[in-house]
**Student:** 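Questions regarding the structure given below will be posed in turn.
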There are 2 protein chains.
Amino acid sequence: MHTEQGMERKQQLLDAAAVLFSSKGYATTRIADICAAAGVAKGLFYWYFPTKEGLFAELVRTMRTQLRRAQAAAMDPGAPPLTRIRQGTEASVIFMAEHRSYFSFLDVERTDEALAGVLREGSDVYSDDVIKLVAEAQHAGQLPDGDPRMYATGVMGSVSSFSHALRNGRLDVPVYELAAFVGDWVERALRSDN
Amino acid sequence: MHTEQGMERKQQLLDAAAVLFSSKGYATTRIADICAAAGVAKGLFYWYFPTKEGLFAELVRTMRTQLRRAQAAAMDPGAPPLTRIRQGTEASVIFMAEHRSYFSFLDVERTDEALAGVLREGSDVYSDDVIKLVAEAQHAGQLPDGDPRMYATGVMGSVSSFSHALRNGRLDVPVYELAAFVGDWVERALRSDN
DNA sequence: GATGGGCTTGACCGGCTGGTCAAGACAGTG
DNA sequence: CACTGTCTTGACCAGCCGGTCAAGCCCATC
């Protein structure tokens with residue numbers, strides 16, 4: 001087993017890895033980098049972790065249990081379900097924000113800096129379009145005021161989330177049905193004149 | 001330049017790459033794999049593309065312009081902004097569904113099969129929880145009926161999209177403000193009793 | 001001061017893979 | 001037939017990186 005000092009060292013490695021993963025991505029982060037960042041020799045890595053993947057798994061599992069704890073703590077058992085969903089939602093957003101570096105290595109964009117550019121180069125244009133549409137809708141009184149970028153984020157996020165769920169099989173509905181559902185979903189989320 | 005035959009060959013390589021990227025992920029797909037799938041020698045790859053990245057970029061740009069075309073075609077210039085947003089949204093979902101294999105290589109999960117397991121192992125449990133809450137809310141008449149998995153997807157997708165936007169700087173608002181916004185967003189999208 | 005378990009080092013290895021290259025094949029053209 | 005530009009091949013290279021290992025350190029305990 002590990003002594004107290006051992007646990008600290010291990011944590012140092014975990015921390016260093018989290019920072020590097022989030023800035024350079026998992027694949028591009030070399031074990032040597034992690035060790036250098038933690039100020040130890042490379043061989044030591046394998047004293048604490050079986051493989052690079054092993055460390056990754058540990059990192060992910062740790063964060064997941066913490067996130068679930070945060071969610072559970074935020075949800076009032078006595079409240080109606082919709083309220084609980086809302087509480088869980090807010091708690092998740094806050095938790096993820098407070099642990100950005102841990103969650104950002106799930107972002108595709110960080111996995112390979114080389115691809116990041118290509119991927120990003122178009123999304124900004126698209127984003128601007130949606131922002132403009134939102135602003136226009138606000139001007140027309142169809143949407144409540146507020147930062148258009150927020151609404152635009154919601155719209156684009158919905159599209160990609162639902163599409164993603166369809167792709168990986170978590171959702172299994174006819175395409176046109178899904179499209180209509182997402183259309184409704186977005187429109188409800190946007191509308192002010194309820 | 002390329003002869004007609006050359007263009008075909010190039011397209012074969014692009015197609016093969018798209019399929020492989022979507023099933024194995026960009027990083028794990030070897031150039032040799034792409035060539036084998038297309039039935040040509042490895043050296044030929046570099047006759048048509050400068051680097052692996054070059055092919056990737058071409059693939060991404062092609063899909064992006066096609067997606068934008070589909071969006072533009074779906075949006076009625078005369079319609080009010082909210083309607084146009086909805087039209088663009090639905091068109092995007094449909095387009096992405098029709099080109100799953102092209103879009104799925106943006107999914108983190110495919111980038112490295114080794115990590116996929118670790119990443120997935122918890123999300124199912126979490127997903128089940130949200131589904132249960134949604135079902136409960138429907139039972140209580142707080143939500144319209146319909147597949148709870150759809151609503152759950154929307155909730156979880158919102159959390160991750162907004163958090164993602166905050167992480168990469170596309171959004172820059174105080175955390176608690178964002179959390180409240182996402183809470184509102186989700187609640188509006190869910191509610192039936194408008 | 002000896003024993004032993006936890007800890008630390010850094011040189012080293014093996015395999016993999018993106019990319020190169022010299023050598024052709026196969027048109028079409030004059 | 002010679003010539004030229006497109007296309008095709010597969011052996012080869014170079015460098016990188018995860019993982020191993022033999023050796024040694026530190027320190028509590030006996």
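In what follows, chains are A, B, ... by sequence order, proteins preceding strands, each numbered from 1.
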**Student:** Strictly below 4.0 Å: does B:Trp47 bring a side-chain N or O up to OP1 or OP2 of D:dC7?
**Tutor:**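 Indeed, a polar side-chain atom of B:Trp47 lies that close.
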
**Student:** Hey, is the side chain of A:Tyr48 poking within less than 4.0 Å of OP1 or OP2 on C:dT8, counting only N and O atoms?
**Tutor:**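 Indeed, a polar side-chain atom of A:Tyr48 lies that close.
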
**Student:** So that I can tick it off, tell me whether B:Arg191 and B:Glu187 are bridged by a salt bridge, with the cut-off set at under 4.0 angstrom between side-chain N and carboxylate O.
**Tutor:**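 Salt bridge flag = yes for B:Arg191 with B:Glu187.
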
**Student:** Would you call B:Asp15 and B:Tyr102 a side-chain contact if the rule is heavy atoms closer than 4.5 Å?
**Tutor:**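 With C-beta onward as the side chain, the pair touches.
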
**Student:** Indicate, with a heavy-atom threshold strictly under 4.0 Å, whether B:Leu44 touches base, sugar-phosphate, or nothing.
**Tutor:**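 It contacts base atoms.
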
**Student:** Could you check which of D:dG18, C:dG6, D:dC7 has an atom nearest any side-chain atom of A:Thr3?
**Tutor:**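 Comparing D:dG18, C:dG6, D:dC7 against the side chain of A:Thr3, the answer is C:dG6.
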
**Student:** Could you tell me if the ring centre of B:Phe181 sits under 6.0 Å from that of A:Tyr151?
**Tutor:**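 Yes, close enough.
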
**Student:** Atom CD of A:Gln12 and atom P of C:dC7: how far apart are they, to the nearest Å?
**Tutor:**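 The answer, rounded to whole Å, is 12 Å.
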
**Student:** Counting side-chain heavy atoms from CB outward, which of D:dG18, C:dG18, D:dT9 is closest to B:Arg30?
**Tutor:**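 In terms of side-chain proximity for B:Arg30, the closest of D:dG18, C:dG18, D:dT9 is C:dG18.
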
**Student:** Using whole Å, report how far CZ of B:Phe45 lies from P of C:dT17.
**Tutor:**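 In whole Å, C:dT17 P lies 15 Å from B:Phe45 CZ.
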
**Student:** Take atom CG of A:Leu13 and atom P of D:dG19, then tell me their distance rounded to the nearest Å.
**Tutor:**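 Result: 14 Å.
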
**Student:** Quick test of your reading of the model: are A:Arg86 and A:Glu90 salt-bridged, counting only N-O distances below 4.0 Å?
**Tutor:**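 Salt bridge: yes.
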
**Student:** Take the protein atom CG of B:Asp33 and the nucleotide atom C1' of C:dC16, then report the distance between them rounded to whole Å.
**Tutor:**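 Going from CG in B:Asp33 over to C1' in C:dC16 covers 12 Å.
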
**Student:** Check the distance between D:dC26's P and A:Glu4's CD and give it to me in whole angstrom.
**Tutor:**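 Spelled out: CD on A:Glu4 to P on D:dC26 is 20 Å.
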
**Student:** Kindly compute the distance separating NZ (B:Lys24) from CZ (B:Arg30), expressed to the nearest 0.5 Å.
**Tutor:**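 These two atoms lie 7.0 Å from each other.
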
**Student:** In whole Å, what is the span from the CD1 atom of A:Ile31 to the P atom of C:dC13?
**Tutor:**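 Roughly 19 Å, once rounded to whole Å.
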
**Student:** Could you state the CZ-P distance from A:Phe49 to C:dC7, rounded to the nearest angstrom?
**Tutor:**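 The answer, rounded to whole Å, is 13 Å.
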
**Student:** Do the side-chain N or O atoms of B:Arg9 get closer than 4.0 angstrom to the phosphate oxygens (OP1, OP2) of D:dT8?
**Tutor:**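 Indeed, a polar side-chain atom of B:Arg9 lies that close.
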
**Student:** Need one value for B:Gly43: base, sugar-phosphate or nothing, where a base atom within 4.0 Å counts as base even if backbone is also close, heavy atoms only.
**Tutor:**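 Counting heavy atoms under 4.0 Å across all strands, the contact made by B:Gly43 includes a base.
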
**Student:** Ignoring backbone atoms, test whether A:Thr51 places a side-chain nitrogen or oxygen under 4.0 Å from the OP1 or OP2 oxygen of D:dG18.
**Tutor:**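 So the side-chain polar atoms of A:Thr51 never come under 4.0 Å of the phosphate oxygens OP1 or OP2 of D:dG18.
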
**Student:** By nearest atom, which of the nucleotides D:dT9, C:dT20, D:dC7 is closest to the B:Ala41 side chain?
**Tutor:**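 Looking only at side-chain atoms, B:Ala41 lies closest to D:dT9.
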
**Student:** Counting only side-chain heavy atoms from C-beta out, which of C:dT20, D:dC7, C:dC12 sits nearest to A:Lys42?
**Tutor:**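 It is C:dC12.
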
**Student:** Round to the nearest Å and state the distance from B:Ile34 atom CD1 to C:dG19 atom P.
**Tutor:**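 Computing the B:Ile34:CD1 to C:dG19:P distance gives 11 Å.
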
**Student:** Does D:dT8 have its OP1 or OP2 closer than 4.0 Å to a side-chain nitrogen or oxygen of B:Gln5?
**Tutor:**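 Indeed, a polar side-chain atom of B:Gln5 lies that close.
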
**Student:** Do any side-chain nitrogens or oxygens of B:Lys52 fall under 4.0 Å of OP1 or OP2 in C:dG18?
**Tutor:**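 Yes, such a contact exists.
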
